[in-house]
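The structure appears right after this line, and notes come after that.
A note on names: the letters A, B, ... follow the listed sequences, proteins ahead of strands, and every chain is numbered from 1.
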There are 2 protein chains.
Amino acid sequence: MVYSSDATLDALFHALADPTRRTIIRMLAEGPRGLGEVSASFPISSVAVSKHVRTLEAAGLVTRQVQGRSHFCRLEPMALLTAHRWLQAYEGFWTERLDALEDLLGEMKRESGPP
Amino acid sequence: MVYSSDATLDALFHALADPTRRTIIRMLAEGPRGLGEVSASFPISSVAVSKHVRTLEAAGLVTRQVQGRSHFCRLEPMALLTAHRWLQAYEGFWTERLDALEDLLGEMKRESGPP
DNA sequence: TTGACAATAAACCATATGGTTTAATATAAA
DNA sequence: TTTATATTAAACCATATGGTTTATTGTCAA
């Protein structure tokens with residue numbers, strides 16, 4: 001198992017905790033975009049969007065390629081894997097609950113049963 | 001597909017973005033604990049821990065059962081499923097990358113090949 | 001060379017966050 | 001009935017956050 005430091009997870013989950021940043025991620029999942037284009041799709045200032053992108057970069061979720069005066073942003077999905085792995089450690093707990101729920105539903109069906 | 005509101009994801013990822021709160025989660029994954037016991041295992045004040053637990057409750061990650069003057073906390077793993085599902089939407093992206101990496105490694109092995 | 005344009009830096013603001021200490025509240029035990 | 005215990009409420013503090021507006025900086029185009 002690969003462990004990620006607290007600081008990494010802090011930055012990662014913090015980056016994901018903002019709706020604007022999650023929207024940027026969804027946007028970049030469709031392909032790399034210029035910062036200008038990203039910025040234009042939000043009702044906040046380009047300065048604010050720029051900061052959000054920096055936060056995403058700090059979390060390793062986005063990388064940037066500068067070309068003249070345009071900056072291109074690319075999603076780094078491997079960073080999401082880190083969060084996914086953290087959650088996977090608890091996967092057993094919810095599947096357990098889902099299974100219990102399924103069993104319960106099965107019983108209810110049998111009880112109200114086929115006439 | 002079940003969608004979770006922005007506010008839900010905000011609260012959830014924010015709750016996960018703090019190392020103390022993640023430790024509380026790990027602790028409660030072993031079974032329900034009294035708030036006192038949880039509190040005692042951190043170097044911060046019980047008031048601070050209490051606030052963290054409230055944050056976890058707000059995110060739906062923990063529920064509390066009051067028994068006299070003791071409060072018992074229980075992990076609610078289904079809340080984690082919400083975060084997991086959000087991440088799953090991007091699962092394809094990183095598996096793609098992992099596959100590419102695997103292919104590359106395979107090629108390198110073949111090239112340095114069996115003599 | 002002179003503007004226009006894309007992006008950041010700096011300064012600023014209101015609010016949120018994570019922590020503290022000191023009441024206050026409710027329950028258990030003496 | 002006191003007194004001790006478990007927890008929260010309130011007030012406070014330093015710093016972080018998400019936003020703004022106004023310089024700056026660097027690059028492309030006229």
Parallel, tilted or perpendicular: rings of B:W86 and B:F13 (30°, 60°): perpendicular
Selection from [options] that lies nearest to any side-chain heavy atom of [X]:
{"X": "A:R64", "options": "C:dG19, C:dA7, C:dA9", "answer": "C:dA7"}
{"X": "A:A48", "options": "C:dT21, D:dT20, C:dA4", "answer": "D:dT20"}
{"X": "A:R54", "options": "C:dA9, C:dG18, C:dT20", "answer": "C:dA9"}
{"X": "A:V47", "options": "D:dA9, D:dC28, C:dA10", "answer": "C:dA10"}
{"X": "A:L35", "options": "D:dT20, C:dT20, C:dA7", "answer": "C:dA7"}
{"X": "A:R69", "options": "D:dT20, D:dT27, D:dT7", "answer": "D:dT27"}

Residue closer to the 5' end of DNA chain C, A:F72 versus A:K51 (nearest nucleotide): A:F72
Closest-nucleotide 5' rank along DNA chain C - winner of B:S46 and B:H14: B:H14
Expected output: side-chain B:R21 to main-chain B:A15 donor-acceptor under 3.5 Å: yes
B:S70 side chain vs B:V66 backbone, donor-acceptor pair below 3.5 Å: no
Starting at [atom1] of [X] and ending at [atom2] of [N], how long is that distance when rounded to a whole Å?
{"X": "A:L56", "N": "D:dG18", "atom1": "CG", "atom2": "P", "value": "11 Å"}
{"X": "B:I44", "N": "C:dT20", "atom1": "CD1", "atom2": "C1'", "value": "11 Å"}
{"X": "B:Q67", "N": "D:dA6", "atom1": "CD", "atom2": "P", "value": "15 Å"}
{"X": "A:D18", "N": "D:dA16", "atom1": "CG", "atom2": "P", "value": "18 Å"}
{"X": "B:F13", "N": "C:dT17", "atom1": "CZ", "atom2": "C1'", "value": "19 Å"}
{"X": "B:I24", "N": "C:dG18", "atom1": "CD1", "atom2": "P", "value": "11 Å"}
{"X": "A:D10", "N": "D:dT15", "atom1": "CG", "atom2": "C1'", "value": "16 Å"}

Whichever of A:T55 and B:E57 has its nearest DNA chain D nucleotide further upstream toward 5': B:E57
Nearest-nucleotide 5' precedence on DNA chain D, A:R21 against B:E37: B:E37
Touch class at under 4.0 angstrom, heavy-atom based, for B:S70 against every strand present: sugar-phosphate
Approximate separation, where rounding is to 0.5 Å, of A:R74 CZ and A:R64 CZ: 13.5 Å
A:Q65 side chain near A:H71 side chain, heavy-atom distance below 4.5 Å: no
